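Quick notes on the structure that follows.
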There are 2 protein chains.
Amino acid sequence: MTPHALGIHRSLDPPGVLPQTARRLDATPRALENEIAVDVRALNVDSASFHQLLDTERATGETVSRQILRIVAERGKMQNPVTGSGGIFLGDVREIGPRHPDARTLRAGDRIASLVSLTLTPLAIDRIRGVLASSDRVELDGMAILFERTLWARMPEDLPEEVALAAFDVAGAPASVLRRAQPGQTLVMIGTGKAGLLCLAAAREAVGPSGRIVAIDPSEAASGRARGLGYADEVLSLDARDPVAVQSAVRDATKGTMADLVVNAVNAPGTETASVLAAKDEGTVLLFGMATSFSAAALGAEGAAHPATLLIGNGYVPGHAETALGLLRRHPRLAAVFAGLSGAGGP
Amino acid sequence: MTPHALGIHRSLDPPGVLPQTARRLDATPRALENEIAVDVRALNVDSASFHQLLDTERATGETVSRQILRIVAERGKMQNPVTGSGGIFLGDVREIGPRHPDARTLRAGDRIASLVSLTLTPLAIDRIRGVLASSDRVELDGMAILFERTLWARMPEDLPEEVALAAFDVAGAPASVLRRAQPGQTLVMIGTGKAGLLCLAAAREAVGPSGRIVAIDPSEAASGRARGLGYADEVLSLDARDPVAVQSAVRDATKGTMADLVVNAVNAPGTETASVLAAKDEGTVLLFGMATSFSAAALGAEGAAHPATLLIGNGYVPGHAETALGLLRRHPRLAAVFAGLSGAGGP
């Protein structure tokens, strides 16, 4: 029997479930007939997860490196047990099973990135070479497995590796913004980290010159970067954990109309209600921050009698990886900022 | 200055936050200009909270009555400090502020229920008249405050009180189904408890005779009830924590087309991926179960490379309480099943 296209055959505990649900995966580093085995060079850890690992390091003294080694040894995958989130990897194809759909186009040695979460990716680590806290990046030697339906992308030759990887990691968000935002609309972007900046570029393309964009971030550095790029009409240095302050500031910034589309790409908890209150009654809230609480969003809307449409950002939008690279190519100043944030060529 | 529409002016500790977030509210029992004061007759305590109070009574001897009096005296609201949850209340309007939007339609003496959680509702208790453990209900004399934007509903005269309260509790779900489902569509309903049954009636009205409805519930009793009501073309006794089994069963039941709309109203965790895999690529998944995990839904879709639209069910849809009562009136057999499930008129 052919191994399952979604990798169920690799789930050890419990068996028979999808690998994402499993507590532990079989990370045996050899490709079955419809799998790809990859020599992993680096992980881009999900931002919410990386921050939690840093918090734990500060609280307990267990370094981020040791935590990652422990988690991957226990689980056969890099799924943060607190945040539940993962990240993506970069590596070189080692071996491709003869029945994998890409068996004819992909070759050993090709450099690729995974486009699905590490939470479902069998992973074994030989050694960690370095942790780059500034870019949520972990350099290591290891081996990962891609299943028949696991998404991956070939690394582009015209963009620095770190830039492409960082863009792939958040590619679902700007692709969703391009699909949903309409010319002339008012959009509020909460969080102007890497995902937020890509979303802002996508938002300006989608709403056009007649649209209005307001960006919010508590960090002076992050809001300064967003201001410098010029996609937003207004950038507010505000903490989105304060729904009252956000609602009032967005009311002022939109002359009372509030937002057609609110996009949340914050990696800290507690920003759900502010996101809801920034939207028009008939507006849409698109939640991409992996620290989002389902019940906080649902009850926040109900408690405020706010009928906004609440969307869980889907990390997969067809063509999202190429869409994100296309944004960086069309916006060289954004690509330069991205390079700085991702540590590419920087100090 | 007009008191805040969401009640921030009643938050004492800390001041300036939304009342749901506050540890203590000002429960002064008089309506400000945009508030309603209600003579409370009964609380329907959230089931998780009520069970915790019973556990404490067994452990410490402090009765449920005394615990409720203590909590409400300390906090100015009935928010269980252990579970964090509340419930809803039933009462008679005492006083309505002249600037409240319902000042012209609501009168002193009208019997109403709150449609938002007790966790954000200022409450003062004079005395507790009785505790009905079988229905998580506390009969009492007290006073509650509704803010300008707090949702409430008039109690109907033609339906038993318990039936109306149970319908109000889940009213957002069927109202959302009526808004989203289109004639001729294929709909999969996961979970056939009270919310699920109301959604099934709404779904049949919305998709019409040419639509196709498949319902899924692991409980033989619950799926038997759904089968007996006849809204679904097929009712499958399946556990939605098994996404592989659900995907395969829905594929068979829909002749391979999968669902335009999947509605999840399950109160257990782990059913997100099954919900995603039951949908068409261009389908929508509407999640109403409060045990839903945001990251499990987002990553489940990404992991399977499934581009479905993922919606957090908003507990508030304009007119949702009347919509739910209307469904019960148009479907008397459903109302009878609801009465049985809610203990109305029973022994």
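Computed from a predicted model, the values in this text were never measured in an experiment.
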Need one label for [X]: side chain, backbone, both or neither, based on atoms under 4.5 Å from any heavy atom in chain A.
X      : result
B:L286 : neither
B:L311 : both
B:L287 : both
B:T273 : side chain
B:R179 : neither
B:H306 : backbone

Specify which of B:G172, B:A298, B:G270, B:A305 makes the most heavy-atom pairs with chain A at under 4.5 Å. B:A305
Is a side-chain N or O of B:E302 found less than 3.5 angstrom from the main chain of A:S117, in a donor-acceptor match?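 Answer holds: yes.
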To the nearest 0.5 Å, how far apart are CG in A:D242 and OG1 in B:T21?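 The CG atom of A:D242 sits 10.0 Å away from the OG1 atom of B:T21.
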Which atom of A:L6 lies closest to which atom of B:G303, heavy atoms considered: CD2-O, 4.3 Å
Please classify the contact of A:L299 with chain B as side chain, backbone, both or neither, using a heavy-atom distance under 4.5 Å. both
Take B:N314 and A:V276 through the test side chain to side chain contact (heavy atoms under 4.5 Å, CB included) and record every step on the way to the result. CA-CA 11 Å; B:N314 188 332; A:V276 171; over 6 Å; no
